[in-house]
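Heads up: the structure comes next, in structure tokens.
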Amino acid sequence: MLHIAIIGSGPAGYYTAEAAQKQWGDAVRVDIFDQLPVPFGLIRSGVAPDHQSIKGVSRRYDAVALSDNVRFVGHVSVGRDVSVAELQGLYDAVVLATGAPNDRPLGLPGADLGNVFGSAAFVGWYNGHPQFAGLAPDLSGGHAVVIGNGNVALDVARILAKTPQEFAGADIVAHALDALAGSAIRHVTILGRRGPHQIAMTPKELGELGNLARATPRVDPADLPAEAEDMMLEPGQRKSVAHLRSFAAIPEHVHADAAVEVEFDFFAAPRALIGEEGRARAIEVERTQIDAGRAIGTGDTYRIPADLVVACIGYQSSPIPGVPFEESAGRFANDEGRILPGLYCVGWARRGPSGTIGTNRPDGFSVVEKIAEDVGAGAAKQGREGFDALAKARGLDVVTFRDWQKINDAEIARARDGAPREKFVDVADMIGAAGRE
Ligand code: NAP
């Protein structure tokens with residue numbers, strides 16, 4: 001019997017478990033650990049609450065989770081409750097599928113001012129991640145600035161721009177919905193240090209911005225390259241840029257009628273946050289020019305009002321003591337998923353925060369191939385029995401997949417009308433709903 005521990009129950013974790021099932025069938029036992037009592041990582045806490053169709057992928061993970069040879073080991077923090085070295089002693093392979101849950105630091109003067117957040121924190125807030133549920137961003141100012149030109153920046157701008165009615169059918173948590181309903185933000189600037197041809201926004205997601213109830217996107221036509229130059233772009237990027245062109249063509253009277261404006265400010269690199277009484281009020285940016293694909297400052301600076309700032313500039317993984325880490329890339333040091341003998345990584349923990357949820361599937365299959373090459377038929381390790389003994393000795397309060405199903409049912413039962421669920425945002429409430437305390 002081969003024993004595998006996967007740390008992290010997000011897409012990378014479940015795809016790895018699915019791959020291990022395909023590879024070894026009944027000859028493998030997989031334990032999927034998560035520090036939270038609830039599974040699915042990024043699907044639950046990262047994917048936008050108004051993107052329910054994307055969240056539907058977790059049904060596929062249910063099938064894996066409910067099979068006999070895979071189990072969910074929730075509410076166990078690797079590094080605190082049990083060390084990686086201990087797991088390596090118990091399992092033939094330990095796979096870190098811990099994602100990239102931390103914000104890359106903005107590293108600008110004023111970044112520690114109040115009401116300046118990274119996207120991990122801000123997205124975690126509206127998605128009800130226990131770590132960020134208490135963030136309490138102040139939405140009483142008129143201007144928000146979203147830094148970055150990726151899909152997360154789009155998510156954040158869209159969430160800030162929507163009316164409460166547009167969250168019908170979304171699993172946005174009540175505290176965020178209430179705060180957004182009272183929001184005074186009427187102007188959202190999306191700041192890109194490079195230009196329209198360099199955006200990292202996908203066409204479907206960008207197109208959504210053109211279909212909001214009270215908000216209109218604004219693009220300055222002067223920022224757009226000559227249309228003929230779009231031919232050099234790959235087809236997806238060309239479609240995204242076509243959306244920007246259609247935004248640039250929106251007539252002034254439509255802007256005048258819109259209650260909220262989402263404005264793209266391209267060729268604008270953030271340089272400093274300016275505050276009053278400890279909180280953000282403006283952002284200083286420097287005009288850039290593109291040289292060989294890089295944004296070069298021109299020395300020309302200006303200020304944009306910024307009562308709320310959300311930096312959506314990418315994520316990094318959490319280092320684990322004793323596990324080699326590549327600081328500059330913010331991920332574990334690895335060779336195609338191999339970190340050390342018996343220790344692997346997959347997904348964002350392996351390659352950094354890029355790609356879609358589906359990108360993790362081939363990743364999972366690839367790491368399982370490496371495990372198969374390295375560990376053969378296993379080394380008669382104790383696996384889950386050994387872990388259960390350790391958990392008992394330490395008094396760990398392990399949450400199973402069946403427990404999670406009870407939490408899930410309780411969340412569904414307390415949903416507001418038309419919403420799929422109302423998440424618990426507190427670990428104790430999750431445990432309580434599992435009916436075990
Ligand atoms: P991303 O796609 O890497 O975008 C990061 C953005 O931040 C880039 O525009 C980058 O500009 C900019 N940036 C980085 N450092 C900066 C700095 N110091 N100052 C100003 N701008 C800076 O990252 P993401 O938006 O966090 O998304 C992560 C991954 O999740 C992506 O693969 C994304 O597609 C995916 N995702 C997908 C969806 C969806 O499919 N619906 C939703 C959300 C996220 P440069 O290009 O100039 O470096």
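For ligands, and for the atoms within them, numbers begin at 1 and follow the listed sequence.
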If you take the nearest heavy atom of each of A48, G150, G118, which one is closest to atom 4 (O) of ligand 1?
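Closest candidate by heavy-atom distance is G150.
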Heavy atoms only: which of V156, V285, V123, N151 lies closest to atom 33 (C) of ligand 1?
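Closest candidate by heavy-atom distance is N151.
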For ligand 1, is there an atom lying under 4.0 Å from some heavy atom of [X]?
X: A295; result: no
X: D155; result: yes
X: M201; result: no

Working note: N149 + Q198, criterion side chain to side chain donor-acceptor pair (under 3.5 Å); need CA distance, chi angles, decisive distance, verdict.
CA-CA 8 Å; N149 271 180; Q198 287 82 32; over 6 Å; no
On the 0 to 90° scale, with breaks at 30° and 60°, tag the Y126-F122 ring pair as parallel, tilted or perpendicular.
perpendicular
Hydrogens and angles aside, do [X] and [Y] bring a side-chain donor and acceptor to less than 3.5 Å of each other?
X: Y315; Y: N102; result: no
X: Q21; Y: S67; result: yes
X: H243; Y: E205; result: no
X: N334; Y: R351; result: no
X: Q237; Y: H197; result: no

Could you tell me the residue and atom name of the protein heavy atom closest to [atom], and the distance to it rounded to 0.1 Å?
atom: atom 12 (C) of ligand 1; answer: G148 CA, 4.0 Å
atom: atom 18 (N) of ligand 1; answer: R193 NH1, 3.5 Å
atom: atom 30 (O) of ligand 1; answer: W348 CZ2, 3.6 Å
atom: atom 2 (O) of ligand 1; answer: A200 CB, 3.6 Å
atom: atom 32 (O) of ligand 1; answer: G355 N, 2.8 Å
atom: atom 39 (C) of ligand 1; answer: E205 OE2, 3.7 Å
atom: atom 22 (C) of ligand 1; answer: I313 CG2, 3.5 Å

If I apply the N/O under 3.5 Å rule, does Q198 come out as touching ligand 1?
no
Set out, in order, the CA-CA distance, both residues' side-chain angles and the distance that settles ring-ring contact (aromatic ring centres under 6.0 Å, His included) for F40 and Y14, then state yes or no.
CA-CA 8 Å; F40 306 142; Y14 270 104; 5.6 Å; yes
Aromatic F365 / basic K22 pairing, under 6.0 angstrom, 45° off normal
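No, K22 does not lie over the aromatic ring of F365.
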Whether R402 engages the ring of F72 as a cation-pi pair (distance to the six-membered ring centre under 6.0 angstrom, angle to the ring normal within 45°) should be assessed.
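So R402 doesn't make the cation-pi contact.
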Which one holds for K204 and ligand 1: side chain close, backbone close, both close, or neither close, with close meaning a heavy atom under 4.0 Å?
neither
Ligand-residue contact atoms, ligand 1 with [X], heavy atoms, under 4.0 Å:
X: P270; result: 19 (N), 20 (C)
X: P353; result: 28 (C), 29 (C)
X: C312; result: 5 (C), 6 (C), 7 (O)
X: R194; result: 45 (P), 46 (O), 47 (O)
X: I147; result: 20 (C)
X: S354; result: 32 (O)
X: N149; result: 6 (C), 8 (C), 9 (O)
X: V152; result: 24 (P), 25 (O), 26 (O), 27 (O), 43 (C), 44 (C)

Looking at E373 and R338, is any side-chain nitrogen of the basic one under 4.0 Å from a carboxylate oxygen of the acidic one?
yes
Pair E411 + R421: basic N to acidic O under 4.0 Å:
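Counted as a salt bridge, because a side-chain N and a carboxylate O are separated by less than 4.0 Å.
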How about Y15 and Y61: are their ring centroids closer than 6.0 Å?
yes
